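Right, one structure below, let's go through it.
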2 protein chains.
Amino acid sequence: MSPEQSPPTMADVARAVGVSTGTVSRALRGQPGVSDAMRRRILRAAESLDYVVSPAASGLVTGRTGSVAVLVPFISRWFHAQVLAAAHQVLRGSGFEIVLYHVEGTAERREFFETLPVRRRADGLVVIALSLTDEELARLNGLGMPVVGASTDLGPAPAVGIDDVAGAAKAVRHLANLGHRRIAMIRSTDEEGFHGGVSRRRLAGYEDAMTESGLEVDPALVVSAPWGIDGGARAMGELLSQRTPPTAVFAEADEIAIGALRTLRRAGIAVPGEMSVIGFDDSPMAELLDLTTVAQSVHEQGLIAGRMLVEAVQQARVAEPAVRLETRLVPRGTTSARPGRPGTAG
Amino acid sequence: MSPEQSPPTMADVARAVGVSTGTVSRALRGQPGVSDAMRRRILRAAESLDYVVSPAASGLVTGRTGSVAVLVPFISRWFHAQVLAAAHQVLRGSGFEIVLYHVEGTAERREFFETLPVRRRADGLVVIALSLTDEELARLNGLGMPVVGASTDLGPAPAVGIDDVAGAAKAVRHLANLGHRRIAMIRSTDEEGFHGGVSRRRLAGYEDAMTESGLEVDPALVVSAPWGIDGGARAMGELLSQRTPPTAVFAEADEIAIGALRTLRRAGIAVPGEMSVIGFDDSPMAELLDLTTVAQSVHEQGLIAGRMLVEAVQQARVAEPAVRLETRLVPRGTTSARPGRPGTAG
DNA sequence: CTGAAAGCGCTAACAA
DNA sequence: TTGTTAGCGCTTTCAG
């Protein structure tokens with residue numbers, strides 16, 4: 001009589017075939033205990049009715065949501081988008097829906113950790129490139145669901161990332177090997193604590209390599225500015241205004257290095273002739289601008305994090321819960337031997 | 001006796017306070033018909049038990065999921081990420097969770113439109129920067145949930161975007177006004193149909209402005225290449241190999257224009273001295289590289305799309321269902337008067 | 001203002 | 001192999 005307004009339910013399918021919903025349920029999920037003939041009839045009926053199971057209803061009884069959450073701070077940064085895309089790919093490949101939590105500011109971040117909206121909404125969580133406080137870490141661990149990190153240290157929880165200390169050291173060693181002695185570092189300020197951990201580790205790598213190369217770590221040569229091109233530009237300006245400016249600069253990230261390059265260009269300082277610059281990450285912009293940098297496998301981190309979460313959710317344990325990917329120096333056109341160095345044309 | 005393993009339910013809260021779950025439900029959702037004193041007691045109990053309602057359970061009875069879905073093709077492109085971030089912001093601000101569907105390839109895309117995983121998983125859908133086929137459009141309309149588009153034409157459904165024809169015409173007129181007569185256009189090939197609509201409209205704008213300026217549209221001057229820096233670089237090469245190369249180039253997107261710039265740099269052709277280049281979108285890279293372009297309000301498109309969806313979901317109608325945002329020319333350093341033009345230094 | 005009871009659409013025993 | 005029966009945790013009448 002009345003046309004079906006609301007979507008069909010499993011009962012509709014059962015009725016159409018003339019069986020019980022129990023059988024339909026088993027058939028649809030590929031469970032054993034249904035004859036092949038019956039399964040076919042049921043699948044056909046479901047198809048023709050355009051039926052889909054209600055995740056809410058099934059989730060209510062199974063206790064699983066079929067979704068996983070992704071927490072990511074700056075989606076419009078190349079690195080973050082890249083990791084997200086890769087993780088998304090494997091998670092959807094495993095049948096999960098992805099719930100996105102984008103926390104770009106302090107307010108959103110606090111809101112997330114206070115209310116923990118993931119609770120009861122996801123079966124697991126992957127955290128991308130976020131430096132967590134101890135309290136935040138504790139909140140996540142109290143979530144009662146598996147959590148994995150990509151480029152994020154989660155303490156005991158599974159995580160994939162790189163050795164930032166070693167990576168930064170590679171960059172600085174490269175500069176030292178080129179004969180540079182006054183090597184500066186540009187860090188990002190991080191009042192909001194989004195990537196403080198990475199920044200600290202890359203600083204440590206800088207210091208390690210300096211010491212190892214017999215170079216003095218002059219505190220004046222370590223400057224900070226807000227993350228991004230403008231920040232890098234500003235920091236470079238600061239370095240140029242010093243009594244004895246550096247001859248080479250290691251920037252914590254490519255975007256920062258690119259800002260530095262902008263300042264140098266505007267100041268008419270030749271790169272690499274008068275100043276060498278090296279970044280970190282090997283983003284597409286680095287390639288475009290021929291920026292020497294340290295590469296990491298960004299996409300792969302997303303893939304691995306996704307796989308880890310699938311494992312954690314489905315098998316309750318992760319085979320290899322701490323993966324460190326290699327970094328590698330990518331020499332390009334913004335680094336060269338120190339001006340005035342013996343045997344080198346300035 | 002036995003410690004609570006599973007998260008507390010509403011019944012636990014009710015028991016703690018000594019009321020029925022009906023009352024707890026009303027209290028928690030701020031519904032009328034609960035005394036203030038009772039509501040306070042209930043809120044306190046819920047808080048101290050660390051209780052959160054199960055969206056699955058409440059969704060089962062209300063029929064709403066509390067989530068909205070976002071469909072986006074290339075999350076690592078600046079434009080897409082930007083729109084997504086803005087939409088996410090307003091949607092979360094309205095209390096929705098965001099379910100992300102990232103369809104980067106044909107396979108993923110087809111899978112999405114065939115299985116329509118959003119069904120029963122979201123209360124609405126925003127589609128970002130996707131050129132849809134008629135069948136795809138029909139699938140979305142049959143979804144039974146509100147759909148809005150950002151930089152996406154959805155036929156009758158609400159959408160926000162720009163006037164691509166007019167925007168492209170602005171770019172080309174700028175070049176014509178500078179005295180250029182042989183003006184080329186670089187389009188993106190789009191075998192997979194991801195942004196064919198935009199590309200076609202920008203081509204139409206190019207043709208309009210050419211005709212309007214009394215210039216001939218030479219088919220040889222319209223070249224295509226895969227979207228991105230490499231594509232733009234390749235297309236520029238093609239243009240340079242022609243018998244009578246253009247003196248100015250309009251690229252469908254900044255990323256493509258940037259590729260063109262790379263080729264020109266490598267070829268030793270002065271920009272804008274010997275060749276003018278203009279892009280579209282005004283991405284951060286355009287600013288960095290001092291690329292003349294046509295700007296659009298990307299962030300605002302995301303905000304508006306988000307607001308539209310909230311309206312559609314909550315009020316079942318959108319006050320202003322077709323918003324066209326303005327574009328504006330951003331003259332920078334990659335465009336100048338045609339070489340050899342009277343009164344101009346080549 | 002509050003309680004009782006029915007039921008949302010499904011799954012998971014347990015029977016048959 | 002299939003059906004029956006309880007719920008899963010919540011909202012929503014309808015009574016009181």
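These figures come from a predicted structure and were not determined experimentally. Note on naming: letters A, B, ... go to the chains in the order of the sequence lines (proteins, then strands), and numbering restarts at 1 for each one.
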More 5' along DNA chain D: Arg120(A) or Gly18(A), using each one's nearest nucleotide?
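This one resolves to Gly18(A).
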
For Ser94(A) and Arg307(A), which I'm curious about, is there any donor-acceptor pair between the side chains at under 3.5 Å?
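No, because no side-chain N or O of Ser94(A) sits under 3.5 Å from a partner of the opposite role on Arg307(A).
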
Verify the contact: side-chain N or O of [X] to OP1 or OP2 of [N], cut-off strictly under 4.0 Å; return yes or no.
| X | N | value |
| --- | --- | --- |
| Ser20(B) | dG3(C) | yes |
| Ser25(B) | dT11(D) | yes |
| Thr21(B) | dG3(C) | no |

Rounded distance (Å) that lies between atom [atom2] of [N] and atom [atom1] of [X]:
| X | N | atom1 | atom2 | value |
| --- | --- | --- | --- | --- |
| Gln31(A) | dT2(D) | CD | C1' | 13 Å |
| Asp12(A) | dC8(C) | CG | P | 12 Å |
| Met38(A) | dG3(D) | CE | C1' | 11 Å |
| Arg64(B) | dT12(D) | CZ | P | 11 Å |
| Met10(B) | dC8(C) | CE | P | 19 Å |

Check every strand shown and say whether Arg29(A) touches a base, only sugar-phosphate, or nothing at a heavy-atom separation below 4.0 Å.
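Counting heavy atoms under 4.0 Å across all strands, the contact made by Arg29(A) is with sugar-phosphate only.
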
So how far is it from Leu43(B) CG to Arg40(B) CZ, rounded to the nearest 0.5 Å?
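That separation rounds to 9.5 Å.
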
Measuring from the side chain of Thr9(A) (C-beta onward, heavy atoms only), which nucleotide among dG3(D), dC10(C), dC10(D) has the closest atom?
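The closest nucleotide is dC10(C).
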
Out of dC10(C), dG3(C), dG9(D), whichever nucleotide has its closest atom nearest the side chain of Val19(B)
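The closest nucleotide is dG3(C).
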
Want to settle it: does Leu60(B) or Gly33(B) sit nearer the 5' end of DNA chain C, counting the closest nucleotide to each?
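Result: Gly33(B).
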
Compare every heavy atom of Met38(A) with every heavy atom of Val19(A), then report the nearest pair and how far apart it is.
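What the structure gives for the nearest pair is CG1-CE, 3.3 Å.
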
Of all the heavy-atom pairs spanning Val17(A) and Arg41(A), show the shortest one and how long it is.
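Looking at all heavy atoms of both residues, the closest pair is O-NH2, 2.9 Å.
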
